[in-house]
Each structure stands twice: as C-alpha cells, then as structure tokens.
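Whatever order the structure lists them in is the order used to number ligands and atoms, beginning at 1.
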Amino acid sequence: RQGVVVITGASSGLGLAAAKALAETGKWHVVMACRDFLKAAKAAKGAGMADGSYTIMHLDLASLDSVRQFVDSFRRAGMPLDSLVCNAAIYRPTARTPTFTADGYEMSVGVNHLGHFLLARLLLDDMQKSDYPSRRLIILGSITGNTNTLAGNIPPKAGLGDLRGLAAGLRGQNGSAMIDGSESFDGAKAYKDSKICNMLTMQELHRRYHEETGITFASLYPGCIATTGLFREHIPLFRLLFPPFQKFVTKGFVSEAESGKRLAQVVSDPSLTKSGVYWSWNKDSASFENQLSQEASDPEKAKKLWEISEKLVGLA
Ligand code: NDP
C-alpha cells in the first residue's frame, strides 16, 4: 500500500517541496498539516501536486487545543500513520519583544518545540499501530543550534542554560520568555534555542522508544535554503543579500527543490533507516551522519527538557 506521511508546515518552503517530492513518487499520500488551509491549497496546486495525492488538514501549532483537534481529525479520517515530519517553524530574527501562543508560551519555542512535542507524543500511538515496513518520525534541526559549526557561532549563540525560563513557563511578564531565563528577549536566539530543543527531543524519543517500537527517529539539517518564507520577518536588505551570499560566499545554498528531495530521502530512502541520527549533506549532495554540538547531544539536558515539556503541554 501507499505510505501515509504527515508533514507540518507544508504550505511553503521545505515542507511544500518535500510534500511534492514524496507525492510525485506515487508511493506516498501526504497529509499537509497547515495553519492556513487556503494558502496550503493554493500552494499544493501551484506546485503542481496531483489531486488525490494529498489531504490538507488544519493544524495551528501555536495552540495546544489545535494540536489535539488535529490528532482527532486525523484519526477520524481513518488513515494509518507511517511517518511524521515536524517541519513547521517560525523565526523572528529582529524581534526584541516576545509574542505568545494561545497557551501563553513564547511563540518560537511554543510553535517550533512545544506544539511539535505534543503532536509527536500523541501521534506515536498511531505510528505504533502502523504495519508499514519503515516508520519514521523526523524533526527538523538546524546548523544554527549547533555551536560546533561556524554558522552556529554567529551571535546570538544558542544556549538553554539550566532551562529555568522554560521551567517557569516562558511567560515573559513576570518571568522570562527565554529558555535560559534571560531577562531580555532575543528573537534570533529563541529560534536557535527551539532548534536545540528539536534535536534533543529527537534523541530522547530515540532513547525512550526506538527499541520498543522499531520506529526510526531522525533529525536533519537540509542546507541553507535562503529563499524560503522563514526569513520573511528579516530586514529587507538581509532578504536581498542572503541568497547570493549563501550561493557565492559560503556555497552552502540549496534550492527549495533540492532541500525537499533531501527531506524526502529521510522519510523514505531505504538506506536512511538508522535511528537517533542527525543527517546532513555534503557538496555533492550525498547524505552523511553529522555530529551535534555538545549541548544538542547532552542526554541529561534532553531528559530535563522532556520532563518540563511534558508538564507544559499537559502530558504530566
Ligand atoms: P517557511 O517559513 O517557508 O515554512 C515554515 C512553515 O511553517 C510554513 O508552512 C508556515 O505556515 C508553518 N508554520 C509557521 N507557524 C505555524 C503554526 N503556528 N502552525 C502551523 N504551521 C506553522 O520555512 P522553511 O521551509 O525554511 O523551514 C522549514 C523547516 O526547515 C523549519 O523547521 C526550519 O527551522 C528548518 N530549516 C530551514 C533552513 C533554511 O535555511 N530555510 C535551514 C535549516 C533548517 P504559513 O505558510 O501559514 O506561514
């Protein structure tokens, strides 16, 4: 049978490109889990995805109720779940004041980490019921959360500290909106921190569930896709110069189509079944198992993050 893959944030950029790449193989039915139904419908049509190769379902990761409603709707639709890709993200690089999710958590960590954390935990049950030969749960990582790279050393650097801000609920007003508890808010750092959370969560899922369930847990850095909507809140000059800078100076640039193929490989390539891995690609577009920074691979921190996140999303 066809595999069924849920991709969050499939209405643009990497998520859309991967949705298209997987649907085109004819081997996958793609559930596009998106906050803006019409935008997703237009994006799928605009990308040339064939009718019937995808289903759009509403999911707003900035609301834990919406995450639970998505899971209910998905279950009512009666499809199996073979793979889940936690791809959606927001990036507010110039923000100096926080915004908050429906549940009152700082938006970058709320959407990128907490919404996905709840989604992944709930849908694990569904994935366990699937008889698909290779089930995979993938969470997008990033080089920017990895301080063992050049890009990861551009200030402000990612760092979760002792997670005191997260433990206090990332509320902002009477506490901190930053995971490490800093008083001042920095949108660029909040994004990078959320990506460390994504990579730590993938590894903790691997430690807790891989042996018992056989599910493959993976993360990846698809390359710098300098043209996606992720940079929409950046200053105009940055948006103008970033793609050519990545193309000609760092040579780290990848097109949306190429990044979509990379993510599609992590979902379906028979050679990428190893669990607990953070995939990257070299200049010849060959995949390799990459090293995470010390913090992004710290098991103690992953455990602590898991326990605090469970409380914040109402699982504990
Ligand atoms: P885009 O901004 O193009 O896509 C992000 C997607 O997330 C959009 O579909 C957006 O929806 C969706 N989204 C945002 N907020 C929510 C929400 N509250 N609920 C549901 N969906 C939401 O960015 P990219 O394609 O570049 O990013 C995709 C992933 O790749 C991210 O996880 C990012 O961290 C990662 N990544 C990107 C890199 C890059 O260079 N671009 C590099 C490394 C990693 P909408 O269309 O409605 O806005």
> So if I count the atoms of ligand 1 from 1 in the order they appear, which ones are less than 4.0 Å from some heavy atom of Leu14?
25 (O), 30 (O)
> Which of the numbered atoms in ligand 1 are under 4.0 angstrom from any heavy atom belonging to Lys39?
45 (P), 46 (O), 48 (O)
> Should the pair Glu310-Arg121 be classified as a salt bridge under the 4.0 Å nitrogen-to-oxygen rule?
yes
> With heavy atoms under 4.0 Å as the rule, classify the contact between Ile90 and ligand 1 as side chain, backbone, both or neither.
side chain
> Considering heavy atoms of the protein only, find what lies nearest to atom 1 (P) of ligand 1 and give residue, atom and distance to 0.1 Å.
Ser12 OG, 3.4 Å
> Between Cys34 and ligand 1, does any nitrogen or oxygen pair lie at a separation below 3.5 Å?
no
> Please work out whether the ring planes of Trp28 and Tyr132 are parallel, tilted or perpendicular, with thresholds of 30° and 60°.
tilted
> Of the protein's non-hydrogen atoms, which lies at the shortest distance from atom 26 (O) of ligand 1, and what is that distance?
Thr228 OG1, 2.5 Å
> What class does the angle between the rings of Phe70 and Phe74 fall in, given that below 30° is parallel, 30 to 60° is tilted and above 60° is perpendicular?
parallel
> Quick test of your reading of the structure: of Ser11, Ala17, Ala10, whose heavy atom lies closest to atom 10 (C) of ligand 1?
Ser11
> Nearest to atom 7 (O) of ligand 1 by heavy atom, Cys86, Ala40, Ala89: which?
Ala89
> Regarding Glu300 and Lys304, does a basic nitrogen lie under 4.0 Å from an acidic carboxylate oxygen?
no
> Heavy-atom contacts with Gly223 under 4.0 Å: which atoms of ligand 1 show up? List them by number with element.
40 (O), 42 (C)
> Please list, in number order, the atoms of ligand 1 under 4.0 Å from a heavy atom of Tyr221.
42 (C), 43 (C)
> Starting from atom 47 (O) of ligand 1, what is the nearest protein heavy atom, named by residue and atom, and what distance separates them?
Arg35 NE, 3.0 Å
> With heavy atoms only and a cut-off of under 4.0 Å, state how Leu140 meets ligand 1: side chain, backbone, both or neither.
side chain
> Under 4.0 Å from a heavy atom of Leu59: which atoms of ligand 1 are those, numbered in the order shown and with their elements?
19 (N), 20 (C)
> Does the pair Glu307/Lys311 count as a salt bridge with the N-to-O cut at 4.0 Å?
no
> With a cutoff of 4.0 Å, is Cys224 in contact with ligand 1, counting heavy atoms of the residue only?
yes
> Is Arg1 salt-bridged to Asp82, going by a charged N under 4.0 Å from an acidic O?
yes
> State, yes or no, whether a side-chain contact exists between Met32 and Val30 at a heavy-atom distance under 4.5 Å.
yes
> Of the side chain and backbone of Leu230, name the one, both, or neither that has a heavy atom under 4.0 Å from an atom of ligand 1.
both
> Can you figure out which of Ile225, Leu38, Thr101 has its heavy atom closest to atom 38 (C) of ligand 1?
Ile225
> Taking 4.0 angstrom as the limit, do Glu289 and Lys274 come out as a salt bridge?
yes
> Please test Tyr221 against Trp281 for ring pair (Phe, Tyr, Trp, His ring centres under 6.0 Å), starting from the C-alpha separation and ending with a verdict.
CA-CA 8 Å; Tyr221 171 63; Trp281 284 260; 8.7 Å; no
> How far is atom 6 (C) of ligand 1 from its nearest protein heavy atom, and which residue and atom name does that atom have?
Gly9 O, 3.6 Å
> Within ligand 1, which atoms have a heavy atom of Asp60 less than 4.0 Å away?
17 (C), 18 (N), 19 (N)
> What protein heavy atom sits nearest atom 28 (C) of ligand 1, and how far off is it?
Asn87 OD1, 3.1 Å
> Under a 4.5 Å cut-off applied to non-hydrogen side-chain atoms, are Arg136 and Phe217 in contact?
no
> Hey, are Lys301 and Asp162 close enough for a salt bridge, meaning a charged N less than 4.0 Å from a carboxylate O?
no
> Is Asp180 salt-bridged to Arg164, going by a charged N under 4.0 Å from an acidic O?
no
> Provide the number and element of each atom of ligand 1 under 4.0 Å from a heavy atom of Ala62.
18 (N)
> Using a 3.5 Å cut-off on N or O atoms only, is Ala33 in polar contact with ligand 1?
no
> Could you list the atoms of ligand 1 found under 4.0 angstrom from a heavy atom of Gly13?
3 (O), 25 (O)
> Under 4.0 Å, counting heavy atoms only: does Tyr191 come that close to any atom of ligand 1?
yes
> Quick check: Leu61 and ligand 1, any N/O pair under 3.5 Å apart?
yes
> How far apart are the closest heavy atoms of Val277 and Met202, and which atoms are they?
O-CE, 3.5 Å
> Is it true that Phe231 and Phe242 have ring centroids separated by less than 6.0 Å?
yes
> Quick one: does ligand 1 sit under 4.0 Å from the side chain of Arg232, the backbone, both or neither, non-hydrogen atoms only?
side chain
